[in-house]
Amino acid sequence: MALFPQSFIDELRMHADIVLIVQDYVSLKRTGANYVGLCPFHAEKTPSFSVNRERGFFHCFGCGVGGDVFKFVELQEGLGFPETVRRLAARFGLTVPEVRDGGRDRHGPSAAQADTERETLLRAHEVAARFFQDRLQAAEGRAARQQLADRGVTPETTEVLGLGYAPGRGTLLAHLKLEGFPTSLLLKSGLVAERDGGAIVDRFRNRLMIPICRESGSVVAFGGRAMEAEQLPKYLNSPETPLYTKSRVLYGLHLTKGEVRKAQQAVLVEGYFDFAQAWQGGVRTVAATCGTALSVTQAHLLRRFTSRVVLNFDADAAGHGAALRSCDLLVAEGFQVAVAVVAPGEDPDTFVRRHGGEAYESTLRAAQPYLDYVVDRAAARVDMATPEGRLAFLDELLPVAARIPNAAGRDQFGDRVAHRAQIGEEVVRQQIRKAAVTRQTRLPGETRSHLGGAGRGASGQAVLLTAAGRDLKRAERELLAGLLTRPGEAMAALAELEPEDLDGLGSSGVLREALGLGEVPPEAIPTALLERLSKEDAQMLTGLATRLPVPSAPVECVRALRLLRYQRERTAAQLEIDRLQELGLGADAAELQHLMRKTLELKRRIETLET
C-alpha cells in the first residue's frame with residue numbers, strides 16, 4: 001500500500017505550482033505557454049530549460065532531464081519521494097494525511113517515530129553546540145581561545161562559525177542527560193560513544209569544536225581539532241548518523257550560499273580553517289569539503305547556487321591530486337572550473353594569515369582555467385621534445401577530454417592539446433571522440449550524456465530521435481504527450497489499439513508499458529509511467545509533453561496509428577502480389593486470390609478511416 005493516498009498526491013500536484021517551485025532556483029522568462037531559463041542541472045549559456053505550468057512538467061532540451069514537480073524537487077534537493085511530498089505540502093499549506101491499513105497507521109508509528117527521532121537529534125546537536133560555545137568562553141576554554149588567537153581567528157569569526165571547546169570527562173553526556181535526552185538516542189547522534197566494556201563516554205574530549213551545518217543552517221555534526229600535538233587523530237569528525245552523511249554537506253555553505261548565488265561563483269577549499277581565514281579575509285563565496293574527496297552529491301548541492309567554481313586546495317602533491325580529482329568531477333557535471341594556486345608549502349589558511357585577504361582575492365582572480373592547468377601539469381611531467389613524451393602527454397589527457405560533457409568543448413580542448421603536443425588537430429579530435437565513446441560504454445548512467453536531439457526526416461517533416469535513433473510519427477508523438485497531459489483520454493484511446501497496431505512503431509515499447517498500467521487511476525498514470533521507463537524514454541516523454549503545442553485528441557492519434565498499420569499491411573500485401581504474378585504459372589493461385597481479397601479489404605478500411 002502506498003505511503004500517501006493517491007487522492008492527496010493528486011491534490012498536492014494541483015496545488016504545487018511548478019513554476020513557483022522552479023523559480024526558487026531558476027530565473028524564468030515566459031515564452032508563449034512555457035517558461036524558459038538556464039538549466040539547473042547542467043551548465044549552459046543559452047536557455048534550454050522549459051517549464052509548462054498547465055501540464056505541470058519541466059524538460060531540458062540540453063541534457064534531457066525532465067519530469068513533474070515532485071521529480072524536480074527530488075533532483076534539486078536530493079530528497080526521496082516521501083520527503084519531497086512533505087516539503088511541498090508544507091510549502092502550499094496542505095496537511096499530510098496518514099494512510100491506514102486495517103486500522104494501523106501506515107504513516108506511523110515507524111515514519112512518525114523516525115520524524116520525531118530526527119527532530120530530537122537536531123535538538124541534541126543544537127544543545128551540544130551551545131554547550132561547546134559556553135565552555136570555550138569559560139575558564140576551561142582558555143587554551144582553546146589561545147589556539148584560535150594563534151591561528152589568527154578573531155572573536156567575531158569565532159562567533160559567526162559557532163566555534164567551541166569540548167572539555168571531555170563526560171561533561172557533555174551529563175549535560176545532555178540533564179536536558180532529558182535518552183542514552184540510546186545520544187548513541188545514535190554520534191555525540192557519545194560506547195567503549196568495549198560498555199561505558200558511555202563523550203566522543204569529543206579536549207578538542208576545539210567546529211559545528212558542521214547543512215545549507216539550511218541546522219547543526220548536524222561536529223569536527224574536533226586536537227588541542228595537543230600528541231592527540232590522535234588530529235581531526236576527529238562525527239560518524240555518519242541519521243542526520244549526517246559527509247558526502248552530502250559542504251562546510252560553511254549555509255553562511256555563503258546567498259553570496260555564491262549572487263556572484264555566480266564559489267571558491268572551494270579543503271579544511272575548516274581554510275574556510276575560516278578565507279571568510280575572515282573577505283571572501284564570502286567560499287565553501288569547504290572538510291578534507292574529504294568531493295562527491296557527486298556535493299557537486300549537485302553546489303550546482304543549486306552556481307555553475308562556476310574556483311578550486312584552491314593545498315599546494316602540496318596531495319592538494320594537487322585532490323584538485324585534479326575534484327576538477328574532473330566538476331567538469332563532468334557541467335561546471336566551469338578554474339584553479340587558484342598558492343606558493344609551495346602554503347594553503348588558504350596560511351596564505352591569508354601571512355599575506356592578507358586582498359592578496360588572497362588577487363590570487364583567486366588570477367585562477368587558471370582548469371583545462372589550462374591540467375595541460376600545463378601534464379606537459380611539465382614529460383619531455384615534450386620527444387615523440388614518446390608527446391604521446392605520453394596525449395595519453396594522460398585523453399581521459400580528461402573524455403569527461404568534458406559536450407562535443408564542442410571536447411574539440412576545443414583537443415585543439416589546445418594538439419597545439420601543445422604538435423600533433424595534427426584532427427588526429428587528436430578523433431582520439432578524444434573514441435575515448436569519450438569508450439567511457440560512455442564502460443560507465444553507463446554517467447550524467448550529461450548526449451543521446452539524441454531534433455532532426456528532420458527525408459520529407460522535411462520534423463521527427464524526434466530517441467537514444468536508439470528511432471523516428472516517431474506525429475500521431476505517436478502526440479499520443480505519448482497525451483499520456484502525461486491527458487492521461488484519462490490517452491489510456492481510454494490506447495485500450496482500443498490492437499497489438500498489430502504497435503508493430504513497427506518507434507514508440508511501441510513505451511506504449512506497451514502504458515498499456516500495462518490499465519489498473520492505475522488515470523491521475524496517477526504520468527508518475528507511474530515515468531517510473532517504469534528507461535531514463536532515455538522518460539526524457540523523451542517529458543520533452544514531448546513540454547515542447548509540443550496543443551496535441552490532437554488521443555482518439556485521433558489512435559485512429560492515425562490504425563490507418564498507418566492498414567497502409568503498411570496493404571503495401572506489404574501488394575508487394576507479395578507483384579512477386580507472385582512475376583512467377584506466372586509457378587505462383588500459388590489460392591494465395592494470390594487471398595492477397596487480392598486482403599488488399600481490397602484493407603483499401604475499404606483505409607477509406608473508412610479517412611472519411
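Note that these values count all heavy atoms, side chains included, but never hydrogens, waters or copies made by symmetry. Just so we're clear, the structure is a prediction, and the values are computed from it rather than from any experiment.
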K.L.:
I want to check something: taking the side chain as every heavy atom from C-beta on, are C63 and C39 in contact at a cut-off of under 4.5 Å?
P.N.:
yes
K.L.:
So, the side chain of R410 versus the backbone of I404: is there a donor-acceptor pair under 3.5 Å, distance only?
P.N.:
yes
K.L.:
With distance as the sole test, does R308 use its side chain to make a donor-acceptor pair with the main-chain N or O of V337 at under 3.5 Å?
P.N.:
no
K.L.:
If we only count heavy atoms from C-beta on, is the D17 to V69 side-chain gap below 4.5 Å?
P.N.:
no
K.L.:
CG/L561 to CG/L609 distance, rounded to the nearest 0.5 angstrom?
P.N.:
11.0 Å
K.L.:
Is there side-chain contact between E513 and L533, with heavy atoms separated by less than 4.5 Å?
P.N.:
yes
K.L.:
Hey, does the side chain of S27 reach the backbone of Q23 with a donor-acceptor pair shorter than 3.5 angstrom?
P.N.:
no
K.L.:
Once you round to the nearest 0.5 Å, how far does OG1 of T120 lie from CG of L185?
P.N.:
6.0 Å
K.L.:
Please tell me if the side chains of T241 and K188 come closer than 4.5 Å, counting only heavy atoms from C-beta onward.
P.N.:
no
K.L.:
At what distance, to the nearest 0.5 angstrom, does CZ of F413 lie from CZ of R429?
P.N.:
13.0 Å
K.L.:
Looking at K246, I want to see if its NZ is surrounded by more than 12 non-hydrogen atoms of other residues, nucleotides or ligands under 6.0 Å.
P.N.:
no
K.L.:
Between H59 and F61 (judged by ring centroids, cut-off 6.0 Å), do the two rings come close enough to count as a pair?
P.N.:
yes
K.L.:
With rounding to the nearest 0.5 Å, note down the distance linking CG in L329 to CG in L294.
P.N.:
5.5 Å
K.L.:
Are F58 and L75 close enough, and set up right, to give a side chain to side chain contact (heavy atoms under 4.5 Å, CB included), and what steps lead you there?
P.N.:
CA-CA 12 Å; F58 72 93; L75 293 173; 4.3 Å; yes
K.L.:
Can a donor-acceptor pair be found, under 3.5 Å and without considering hydrogens, that links the side chain of N34 to the backbone of T31?
P.N.:
no
K.L.:
Taking all non-hydrogen atoms of both residues into account, name the closest pair between V400 and Y370 and its distance.
P.N.:
CG1-OH, 3.7 Å
K.L.:
Quick one: does any side-chain atom of T285 pair with a main-chain N or O of V260 as donor and acceptor, under 3.5 Å?
P.N.:
no
K.L.:
Determine the minimum heavy-atom distance between C213 and V249, stating which atoms define it.
P.N.:
O-CG1, 3.5 Å
K.L.:
Does a side-chain heavy-atom distance below 4.5 Å link V555 with E489?
P.N.:
no
K.L.:
Report yes if some heavy atom in the side chain of Y251 is under 4.5 Å from a heavy atom in the side chain of T289; otherwise report no.
P.N.:
no
K.L.:
Report yes if some heavy atom in the side chain of R568 is under 4.5 Å from a heavy atom in the side chain of L564; otherwise report no.
P.N.:
yes
K.L.:
Closer than 4.0 angstrom, basic N to acidic O: yes or no for E569 and R565?
P.N.:
yes
K.L.:
Side chain to side chain contact (heavy atoms under 4.5 Å, CB included), that's the test. Do T527 and R13 meet it? Break it down for me.
P.N.:
CA-CA 11 Å; T527 299; R13 184 181 284 109; 2.7 Å; yes
K.L.:
Under the side chain to side chain contact (heavy atoms under 4.5 Å, CB included) rule, what do D68 and L530 come out as? Steps first, then yes or no, please.
P.N.:
CA-CA 10 Å; D68 59 9; L530 289 173; 5.6 Å; no
K.L.:
Flag the pair E601 and R605 as a salt bridge only when some basic side-chain nitrogen lies within less than 4.0 angstrom of an acidic carboxylate oxygen.
P.N.:
yes
K.L.:
Inspect the contact between K71 and E74 and indicate whether a charged nitrogen and a carboxylate oxygen are less than 4.0 angstrom apart.
P.N.:
yes
K.L.:
Any side-chain to backbone donor/acceptor pair from S295 onto Q298? Under 3.5 Å, distance only.
P.N.:
yes
K.L.:
Between S507 and R477, do the side chains contain an N or O donor and an N or O acceptor separated by less than 3.5 Å?
P.N.:
no
K.L.:
Taking T608 for the side chain and R604 for the main chain, is one N or O donor matched with an acceptor at less than 3.5 Å?
P.N.:
yes
K.L.:
Please confirm whether the ring centroid of Y35 lies under 6.0 Å from the ring centroid of F49.
P.N.:
no
K.L.:
In sequence, state the C-alpha distance, the side-chain angles, and the governing distance for E215 and L250, and then conclude on side chain to side chain contact (heavy atoms under 4.5 Å, CB included).
P.N.:
CA-CA 8 Å; E215 71 275 13; L250 284 171; over 6 Å; no
K.L.:
Inspect the contact between R87 and E83 and indicate whether a charged nitrogen and a carboxylate oxygen are less than 4.0 angstrom apart.
P.N.:
no
K.L.:
Where the side chain of H125 meets the backbone of V220, is there a donor-acceptor pair that is under 3.5 Å apart?
P.N.:
yes
K.L.:
Do H594 and R597 come close enough that some side-chain heavy atom pair is under 4.5 Å?
P.N.:
yes
K.L.:
Could you tell me which non-hydrogen atom of A266 sits nearest to which non-hydrogen atom of L302, and how far apart they are?
P.N.:
CB-CD1, 4.0 Å
K.L.:
Using modelled atom types only, decide if a donor and an acceptor are shared between the side chain of E259 and the backbone of A263 within a distance under 3.5 Å.
P.N.:
no
K.L.:
Kindly indicate, with the supporting measurements, whether the criterion side-chain hydrogen bond (donor to acceptor under 3.5 Å, both in side chains) is fulfilled by E500 and Y566.
P.N.:
CA-CA 10 Å; E500 293 83 1; Y566 290 159; over 6 Å; no
K.L.:
So which heavy atom on I18 is nearest to which on R53, and how close?
P.N.:
CG2-CA, 4.1 Å
K.L.:
Which atom names give the shortest non-hydrogen contact between C557 and E478, and what distance separates them?
P.N.:
SG-CB, 3.6 Å
K.L.:
Taking all non-hydrogen atoms of both residues into account, name the closest pair between I525 and P487 and its distance.
P.N.:
CB-CB, 3.9 Å
K.L.:
Please round to the nearest 0.5 Å and tell me the distance separating atom CZ of R214 and atom OG1 of T245.
P.N.:
10.0 Å
K.L.:
Out of curiosity, T542 OG1 to L480 CG, how far, rounded to the nearest 0.5 Å?
P.N.:
11.5 Å
K.L.:
Flag the pair R261 and D24 as a salt bridge only when some basic side-chain nitrogen lies within less than 4.0 angstrom of an acidic carboxylate oxygen.
P.N.:
no
